[in-house]
Novice: 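Mind looking over this structure? Questions follow.
Atoms within each ligand, like the ligands themselves, are counted from 1 in listed order.
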Amino acid sequence: MDNCIFCKIIDKEIPADIIYEDDVILAFHDLEPQAPVHLLIVPKKHLTSLDDVEFEDIDALGWLMAKVKDIAASQGIETGYRLVCNCGEDAMQTVKHLHFHLLGKRKMLWPPG
Ligand code: AMP
Ligand code: ZN
């Protein structure tokens, strides 16, 4: 996808601090961390947001979810974490490539605001 910053990270056209990669997903550190651990986990397929997800994407997103616990464990997160997906304008999604924020190593607040 042209001009998608996360596609460029996936294609290694721009650098990122990658901590996990396989054929389906990529996980890398967020540039502006909001917690001691703040990763972004993305499907390699360009999907604009959750609104873009179709039946054919179930395997990739199921795999992504199955890997979350391993990625969290690889960062030494032992006492819980939060997985956040901002979808659309009201949720303040800024990058239009589906991504999940994995936040950990601090106590979270609820409601999130
Ligand atoms: P969202 O508001 O859910 O769309 O979150 C987008 C996230 O991407 C923000 O937390 C940004 O800090 C992060 N981000 C934007 N560009 C980059 C980049 N080049 N490398 C790593 N994280 C990025
Ligand atoms: Zn993309």
Novice: Look at the rings of H38 and H101 and say which category their plane angle falls in: under 30° parallel, 30 to 60° tilted, over 60° perpendicular.
Specialist: tilted
Novice: Tell me if a side-chain donor or acceptor on H97 pairs with a main-chain N or O of P43 at a distance below 3.5 Å.
Specialist: yes
Novice: Would you call E78 and K105 a salt bridge, using N to O less than 4.0 angstrom?
Specialist: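 Salt bridge flag = no for K105 with E78.
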Novice: Answer yes or no: is there a donor N or O on one side and an acceptor on the other, between the side chain of R106 and the main chain of Q34, under 3.5 Å?
Specialist: yes
Novice: List nothing but the number: protein N/O/S atoms under 2.8 Å from the Zn ion (ligand 2).
Specialist: 4
Novice: Is the backbone N or O of K107 less than 3.5 Å from a side-chain atom of R82, with the two atoms forming a donor-acceptor pair by type?
Specialist: no
Novice: Can K44 and D23 be counted as an ion pair, charged N to O under 4.0 angstrom?
Specialist: no
Novice: Does Q93 use its side chain to pair, donor to acceptor, with the backbone of T48 at less than 3.5 Å?
Specialist: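 Answer holds: yes.
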Novice: Should the pair K67-D70 be classified as a salt bridge under the 4.0 Å nitrogen-to-oxygen rule?
Specialist: yes
Novice: In terms of side-chain geometry, is the basic nitrogen of K45 or E54 positioned less than 4.0 Å from the acidic oxygen of its partner?
Specialist: no
Novice: Please give the N or O to N or O pairs under 3.5 Å between ligand 1 and the protein, distances rounded to 0.1 Å.
Specialist:
residue  : atom   : partner : partner atom : Å
ligand 1 : 2 (O)  : M92     : O            : 3.0
ligand 1 : 2 (O)  : T94     : N            : 3.4
ligand 1 : 2 (O)  : T94     : OG1          : 3.2
ligand 1 : 3 (O)  : N86     : ND2          : 2.8
ligand 1 : 3 (O)  : H99     : NE2          : 2.8
ligand 1 : 3 (O)  : H101    : NE2          : 2.8
ligand 1 : 4 (O)  : T94     : N            : 2.7
ligand 1 : 4 (O)  : T94     : OG1          : 3.0
ligand 1 : 4 (O)  : V95     : N            : 3.0
ligand 1 : 4 (O)  : H99     : NE2          : 3.0
ligand 1 : 5 (O)  : H99     : NE2          : 3.1
ligand 1 : 5 (O)  : H101    : NE2          : 3.2
ligand 1 : 10 (O) : D30     : OD1          : 3.2
ligand 1 : 10 (O) : D30     : OD2          : 2.5
ligand 1 : 12 (O) : D30     : OD1          : 2.5
ligand 1 : 22 (N) : L31     : N            : 3.2

